[in-house]
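These notes concern the structure reproduced below.
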Amino acid sequence: MNDDFDSDTGDDDLFSDDINHDVPFHHAGTLMELNDNKAGMADLDKEKISRIIEEASKGSKFYDHKKKQQERIDAKIADLLRKKKAITEEQLKNASAKVGQIVRNLEKSRDLSRTFVHVDMDAFYAAVEMRDDPSLRDKPMAVGGPGMLATSNYLARRFGVRAAMPGFIGQKLCPDLIIVPPNFEKYRAVNAIFSEVFAKYDPNYSAMSLDEAYLDITEFLRLDQNVRKPSDLSHAEEVVSDLREEIFLATQLTASAGIAPNTLLAKVCSDINKPNGQFYLRPERPVVAEFVEKLSVRKACGIGKVTEQMLNALGITTCAEMFEQRALLSLLFSEISALSFLRVSMGLGSTFMGDSDAPAKSVSNERTFKATSDADFLRDQCRRLCEELSEDLVRKQLQAKSVTIKLKTDTFDVKTRVRNLPEATWNADVLCRHVVPMLESEMAPKRAFRLMGVRASNLCEKSANQQSTLDAILKQPSGTERLCPVCSTSLAKLSLALVNAHLDRCLSGSQQDDVQCPICSGFFRRPEIEHHAATCEGAATSTTPSVKSAPIRKRGAAREDGFVPRDECQRKPKKQLTLSAFFDQRKSES
DNA sequence: GATACTGAG
DNA sequence: CTCTCTCAGTATC
Ligand SMILES: Nc1ccn([C@H]2C[C@H](O)[C@@H](COP(=O)(O)OP(=O)(O)OP(=O)(O)O)O2)c(=O)n1
Ligand SMILES: [Mg+2]
């Protein structure tokens with residue numbers, strides 16, 4: 001075991017200047033200039049920040065919930081420490097031997113041959129808003145609403161204003177804080193622009209969100225023949241500097257980047273010289289070892305607030321300490337967790353690109369509202385969530401075999417209930433018929449909810465085969481009226497949800513005579529529903545969103561339990577095609 | 001298999 | 001007044 005990971009690291013200061021290459025740009029008077037005013041007159045220190053936050057939240061239901069949550073974590077930690085106490089020398093010795101073997105294997109698998117870059121836009125949403133409204137540039141601002149902030153600019157961060165903080169608390173920390181509502185379409189458009197830059201450096205880049213991506217530039221470096229001025233910078237640093245410059249020229253926004261031999265390290269590195277900087281970690285084992293040694297475990301992607309607390313309780317703060325305790329950790333945590341801790345502490349990370357086109361495993365839709373126990377309101381909310389989810393499923397050409405309802409009480413306690421469906425579906429009515437009973441069994445006169453959500457999982461994709469038939473349908477001249485391919489009823493005036501409901505029912509060959517109107521929940525005979533629904537919908541959309549009372553649901557005959565006719569979405573490869581064709585049509589119209 | 005928990009952005 | 005939303009993976013029973 002003398003080949004332990006940290007056994008041969010030198011004493012050189014590997015963070016000295018010749019290794020830590022910070023490469024800022026020097027655009028005169030651009031965004032994001034932190035007037036580095038010293039012991040900030042306006043700045044708030046940590047004490048003051050937490051005091052204000054504390055005062056703003058004390059006594060609230062949210063605060064109480066957080067407290068209870070923390071108590072559960074403390075109990076878990078106490079458990080962990082008890083478990084640790086019970087471990088014998090003998091067990092530790094055995095574990096140590098086992099882990100030693102794993103360490104050797106991991107070490108053998110270490111690959112320093114590839115160059116990964118993690119690119120992360122600086123204060124992304126806020127930077128876009130500042131770019132487009134110069135009056136915001138020298139002011140503390142955040143993007144979001146009074147209830148929640150998505151991010152803040154760097155000036156606001158000095159006051160402690162951060163992402164995932166409610167806006168009203170942000171304003172207590174910083175009375176001059178300007179809160180701008182988000183423009184997601186804009187961020188998507190900006191993302192599309194700099195994504196083209198990513199693609200030039202790695203056509204296989206992997207986007208993690210609208211503002212960050214991993215690139216493997218190994219290949220690019222091999223092919224890059226650009227002649228550059230002599231400099232202290234490595235080839236990789238030059239290239240990444242170019243990349244960031246290109247992003248800036250294309251968007252007027254700055255990005256930060258980390259360059260390292262794997263994605264885990266690249267991500268950590270992108271944070272080091274943020275904003276508008278980059279950090280290069282040389283692909284040499286001792287350099288990586290030294291780097292990781294001092295690294296706080298919290299910096300590793302996957303180790304969050306809770307795990308950090310647990311590790312801290314074991315006396316582990318840095319990755320070096322985590323490596324020292326590897327045998328103990330293998331006894332206290334699951335195999336998966338222990339292995340991931342070990343990899344982090346050795347500075348090992350992924351050296352290949354994640355599947356960016358991996359199929360989705362779930363699709364969900366949830367909404368927070370004013371806490372209520374009103375049954376009609378909740379059922380109505382539930383139905384809307386199902387309808388919206390259904391549209392999403394159709395758009396993505398996915399059907400669900402399981403559906404989950406999520407409820408959050410006014411005290412912030414969350415409950416989820418799943419139900420497996422007899423047949424995969426994307427039909428809003430079907431989803432709804434399964435979800436509503438789950439909702440009802442959780443409702444109690446006393447209990448008020450502040451959030452409801454519906455999730456589709458166990459997804460199956462509609463086949464490409466079906467997709468092609470759909471294309472044929474779409475080729476119809478745009479002037480022609482859209483008819484239901486099964487019953488030939490005109491569908492021109494119906495909304496996406498209604499067309500969905502109609503087609504699904506028609507295509508399923510359902511024998512059911514009663515059809516429930518998705519708007520008013522009333523039941524109608526098949527030939528009448530389309531006309532009714534069109535008018536009903538017109539009325540509904542013109543009224544305020546918070547319609548308290550939908551008409552009472554009358555239920556004719558049998559089948560309370562949301563039973564789905566067996567052939568609802570079975571068979572009919574061809575007809576399903578038709579269905580999706582319709583939706584694509586509608587989508588391109590709107 | 002169902003539900004809760006953790007983490008990310 | 002006012003503490004998000006979506007998705008993935010893991011833990012626990
Ligand atoms: N809880 C969160 C965290 C982030 N975001 C959004 C807003 C951010 O602009 C964007 C990118 O997230 P980052 O963590 O990269 O944060 P920023 O880009 O805003 O700042 P930084 O400069 O620290 O990267 O994602 C969000 O909506 N909700
Ligand atoms: Mg960012």
Side-chain angles (χ1 to χ4, degrees), chain A residues 53 56-66 69-70 72-73 75-76 79-80 118 120-121 123-125 142-151 162-172 179 181-182 184 187 191 207-213 267 270-271 298-311 332-341 354-355 358-371 385 388-389 392 396 398 401-408 410-420 438 442 450-459:
Chain A
I53 293 177
S57 24
K58 207 170 353 185
S60 69
K61 291 184 172 176
F62 182 81
Y63 185 79
D64 291 345
H65 178 257
K66 284 291 278 228
Q69 208 172 232
Q70 184 57 48
R72 277 198 298 272
I73 294 168
K76 211 163 135 184
D79 248 32
L80 195 69
H118 180 251
D120 188 327
M121 301 299 291
F124 184 50
Y125 296 178
V143 176
M148 185 51 55
L149 302 179
T151 193
R162 302 227 123 54
M165 172 182 283
F168 72 95
I169 290 187
Q171 278 171 327
K172 297 207 161 133
I179 297 181
F184 294 106
Y187 312 144
N191 170 273
M208 302 306 290
S209 67
L210 282 183
D211 98 311
E212 70 187 79
K267 171 116 174 81
S270 70
D271 222 42
R298 184 62 171 81
K299 294 280 185 185
C301 188
I303 298 183
K305 203 164 171 287
V306 174
T307 307
E308 180 192 25
Q309 287 184 59
M310 298 201 290
L311 293 172
L332 290 179
F333 291 87
S334 72
E335 208 174 320
I336 288 174
S337 297
L339 182 62
S340 106
F341 292 155
D355 237 358
K361 304 204 166 172
S362 70
V363 180
S364 66
N365 182 18
E366 70 186 55
R367 197 148 46 226
T368 293
F369 39 79
K370 194 169 123 91
L385 288 164
E388 291 158 8
L389 181 63
D392 212 3
K396 296 175 171 155
L398 295 169
K401 292 200 283 282
S402 300
V403 58
T404 304
I405 187 175
K406 170 175 168 180
L407 294 164
K408 182 150 69 187
D410 59 348
T411 55
F412 293 88
D413 294 305
V414 174
K415 273 200 187 338
T416 62
R417 295 285 174 257
V418 211
R419 189 179 288 198
N420 294 311
M438 294 194 282
E442 295 302 325
R450 71 174 348 260
L451 169 144
M452 192 181 329
V454 182
R455 175 165 71 247
S457 56
N458 260 307
L459 302 178

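In the text below, chain A, chain B and the rest are named by the order of the sequence lines, each starting its count at 1.
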Determine yes or no for a side-chain-to-main-chain donor-acceptor pair under 3.5 angstrom, with N458(A) supplying the side chain and S402(A) the backbone.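 No, the answer is negative, given that no donor and acceptor are paired below the 3.5 Å cut-off.
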
Test salt bridge (charged side-chain N to carboxylate O under 4.0 Å, His left out) applied to [X] - qualifying residues, sequence neighbours left out:
{"X": "D79(A)", "answer": "R82(A)"}
{"X": "K401(A)", "answer": "none"}
{"X": "R298(A)", "answer": "E308(A)"}
{"X": "R367(A)", "answer": "E388(A)"}

Residues in side chain to side chain contact (heavy atoms under 4.5 Å, CB included) with [X], at least two apart?
{"X": "Y63(A)", "value": "E54(A), S57(A), K58(A), S60(A), K67(A)"}
{"X": "P182(A)", "value": "V143(A), F184(A), Y187(A)"}
{"X": "K408(A)", "value": "F412(A), V414(A), R450(A), L451(A)"}

Earliest and latest nucleotide of DNA chain B, 5' to 3', sitting under 4.0 Å from a non-hydrogen atom of chain A?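 Using the under 4.0 Å cut-off, the span is dA2(B) to dG9(B).
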
Could you run down nucleotides 7-13 of chain C 5' to 3' and tag each one B, S or - for protein heavy-atom contact under 4.0 Å? SSSSS--

Would you measure the distance from the P atom in dC3(C) across to the matching atom in dA8(B) and give it in whole Å?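 Roughly 24 Å separates the two P atoms.
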
Select one nucleotide: of dC5(C), dT4(C), dT2(C), the one nearest the side-chain heavy atoms of L451(A).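 The answer is dC5(C).
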
So, is R450(A) near the phosphate of dT2(C), with a side-chain N or O under 4.0 Å from OP1 or OP2?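 Answer is no, no contact under 4.0 Å.
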
Separation of dC3(C) P from F62(A) CZ (nearest whole Å):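 Going from F62(A) (CZ) to dC3(C) (P), I get 9 Å.
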
